[in-house]
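Step one of this worksheet: look at the structure below.
Values below: every heavy atom of this structure, side chains too, minus hydrogens, waters and symmetry copies.
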Amino acid sequence: MEKQMAAKVLTTCLIGGIRVYMDGCFDMMHYGHCNALRQARALGDHLFVGVVSDSEIIANKGPPVTPLHERLTMVSAVKWVDEVIPDAPYAITEEFMNKLFNEYKIDYIIHGDDPCVLPDGTDAYALAKQAGRYKQIKRTEGVSSTDIVGRMLLCVRERSVTDNPTPKHSSLQRQFSHGHSHNFEHNTATRISHFLPTSRRIVQFSNGRGPGPDARIVYIDGAFDLFHAGHVEILRIARDLGDFLLVGIHTDQTVSATRGAHRPIMNLHERSLSVLACRYVDEVIIGAPWEVSKDMLTTFNISLVVHGTIAENHDFEKEQSNPYAVPISMGVFKILESPLDITTTTIIRRILSNHEAYQKRNEKKGASEKRYYEDKTHVTGD
């Protein structure tokens with residue numbers, strides 16, 4: 001992957017226009033990261049994105065949840081990203097800044113309005129600001145990787161008190177991994193989200209175009225909770241099977257009923273934006289039905305319904321009411337071999353297996369985020 005990216009960069013350097021650079025850890029990538037990249041891309045004609053190495057993240061923030069190769073997959077799939085630079089440094093050093101300006105022909109370095117402070121207390125973007133080549137964008141309200149990890153850790157604490165005063169890690173994992181209770185009631189404390197969805201944000205993330213009259217429309221559905229590299233890869237394969245990829249996002253109630261009372265971690269609007277930001281997705285159904293009906297196939301002119309081999313709901317054929325019974329009977333259903341053995345449960349287990357380290361990381365990062373919100377002033381833009 002890194003060789004391919006290097007080749008693309010050489011080609012890109014021949015292209016004119018304003019080149020902008022934005023970097024980040026992009027750990028547990030979410031719609032806030034995507035919105036930052038969207039804003040950065042709007043400031044230029046070509047967006048280069050630096051993805052910080054695992055070792056740099058460990059040195060500056062603590063252990064990452066997702067390794068570099070998964071984070072590269074995620075960032076490359078965001079539709080506003082033109083090129084990716086792997087193993088970027090956490091801080092903009094003079095050497096790296098000169099490389100950006102001279103080798104990649106970068107015009108401006110972009111970052112959000114939230115401060116990025118190094119362990120020694122200095123500004124990670126001080127040199128770019130001094131060079132007069134720094135531009136600022138507005139941070140997306142209501143979400144951060146720290147917030148998402150915190151939601152999972154909160155669930156751990158609540159379930160440990162409720163179910164077992166001294167639970168083992170394996171039991172905590174099972175609480176997130178399984179559970180097919182059809183209890184639709186949620187404990188709202190486990191779904192703390194400060195995201196305020198607006199129609200404008202959905203429009204900004206949408207492609208704004210429908211399928212052509214003769215388009216082959218492929219449909220895939222799911223929770224797409226904690227949107228990850230496994231999701232990206234199955235969407236890529238699904239898109240290759242047609243001209244237009246329609247993705248159904250299940251409601252919070254449906255996800256909770258099929259995967260346990262403490263799921264989903266991200267709410268419906270958050271999950272929808274993450275999927276919409278993916279370059280392989282043409283349109284989403286926000287709150288898609290669990291069962292794919294004949295009327296639905298007709299309404300959206302769906303040619304093919306697909307499902308991956310690696311999924312949280314892999315026993316659908318054994319269920320009393322198979323959600324794909326209709327497309328199967330019509331001969332328009334296909335099982336796709338999933339390229340990556342990653343599910344939402346995989347991500348959750350990574351947190352639980354090392355939850356003390358993530359708890360410490362979150363406490364430290366949470367303090368800086370609290371200061372940011374206390375001192376925050378209005379920033380124009382979106």
Side-chain angles (χ1 to χ4, degrees), residues 8 15 17 31 34-35 37-38 41-42 45-47 73-74 76-82 197-224 227 230-251 254 268-309 311 313 316-317 321-339 382:
K8 287 174 74 176
I15 301 173
Y31 65 91
C34 298
N35 193 45
L37 295 173
R38 182 191 64 80
R41 180 63 174 77
D45 303 296
H46 208 85
L47 174 61
T73 297
M74 294 297 295
S76 299
V78 176
K79 59 187 175 186
W80 299 289
V81 174
D82 296 297
T198 63
S199 58
R200 186 161 179 263
R201 181 71 76 224
I202 293 173
V203 170
Q204 289 169 336
F205 273 54
S206 299
N207 288 341
R209 62 179 181 274
D214 300 318
R216 178 176 168 82
I217 300 172
V218 178
Y219 178 75
I220 185 170
D221 62 4
F224 297 99
F227 196 66
H231 290 138
V232 166
E233 287 297 275
I234 198 65
L235 291 174
R236 176 180 61 80
I237 291 177
R239 181 62 176 80
D240 286 342
L241 295 176
D243 308 303
F244 192 92
L245 182 60
L246 176 64
V247 181
I249 317 292
H250 292 149
T251 65
T254 296
L268 176 60
H269 288 96
E270 293 174 311
R271 293 182 283 119
S272 297
L273 287 178
S274 292
V275 174
L276 271 174
C278 181
R279 66 173 71 249
Y280 308 119
V281 175
D282 294 291
E283 179 66 288
V284 303
I285 299 175
I286 302 174
W290 175 250
E291 294 185 6
V292 181
S293 65
K294 187 175 187 301
D295 180 69
M296 181 178 168
L297 295 175
T298 303
T299 298
F300 292 100
N301 196 28
I302 295 168
S303 304
L304 182 67
V305 177
V306 299
H307 190 79
T309 53
N313 179 41
F316 60 88
E317 292 179 329
S321 180
N322 185 340
Y324 304 111
V326 170
I328 290 173
S329 69
M330 296 174 63
V332 294
F333 181 78
K334 184 180 179 67
I335 294 288
L336 303 182
E337 189 69 33
S338 299
D382 55 6

### Query
With respect to D221, which candidate in V292, V305, V247 satisfies the side chain to side chain contact (heavy atoms under 4.5 Å, CB included) definition?
V292

### Task
Write out all pairs satisfying salt bridge (charged side-chain N to carboxylate O under 4.0 Å, His left out) with one or both partners inside residues 290-305, taking only residues at least two apart or from two chains.
none

#### Entry: Gap between atom NE2 of H307 and atom CD1 of I335 - 0.5 Å precision
6.0 Å

### Query
Can you check whether M296 reaches Y219 side chain to side chain, under 4.5 Å on heavy atoms?
yes

### Task
Examine distances only and state if a side-chain atom of R236 and a backbone atom of Y280 form a donor-acceptor pair shorter than 3.5 Å.
no

### Query
Quick one: does S76's side chain have a donor or acceptor within less than 3.5 Å of a partner on T73's backbone?
no

### Task
Spell out, as yes or no, whether a donor-acceptor pair under 3.5 Å connects the side chain of R279 to the backbone of V81.
yes

### Task
Check whether any side-chain heavy atom of C34 sits under 4.5 Å from a side-chain heavy atom of W80, and report yes or no.
yes

### Query
If every non-hydrogen atom of I249 is compared with every non-hydrogen atom of A223, which pair is closest and at what distance?
CG2-O, 4.0 Å

### Query
Looking at V281, I234, L245, which one forms a side chain to side chain contact (heavy atoms under 4.5 Å, CB included) with R239?
L245

### Any N35 side-chain heavy atom under 4.5 Å of R201 side chain
yes

### Message
I want to check something: taking the side chain as every heavy atom from C-beta on, are P339 and I237 in contact at a cut-off of under 4.5 Å?
### Response
yes

## Note on the structure
When rounded to the nearest 0.5 Å, the distance separating CG of L241 from CD1 of I217 is 14.0 Å

### Query
Short question: side chain of T251, backbone of G287 - any donor-acceptor pair under 3.5 Å?
no

#### Entry: Under 3.5 Å: donor-acceptor pair, side chain of D282, backbone of L246
no

### Query
How many angstroms lie between SG in C278 and CE in M74, if you round to the nearest 0.5 Å?
8.0 Å

### Query
Would you call the rings of F227 and F224 parallel, tilted or perpendicular if under 30° counts as parallel and over 60° as perpendicular?
tilted

### Message
To the nearest 0.5 Å, what is the distance between CG on D240 and CG on L235?
### Response
11.0 Å

### Query
Counting only N and O atoms by type, is there a donor-acceptor contact under 3.5 Å from the side chain of S303 to the main-chain atoms of V218?
no

### Summary
In this structure, CD1 of I285 is separated from NE2 of H250 (nearest 0.5 Å) by 9.5 Å

#### Entry: I202 CD1 to I286 CD1 distance, which is reported to the nearest 0.5 Å
4.5 Å

### Query
So do R41 and K79 actually touch side chain to side chain, heavy atoms under 4.5 Å?
no

### Query
If you take all heavy atoms of L47 and L37, which pair is closest and at what distance?
CD2-O, 3.5 Å

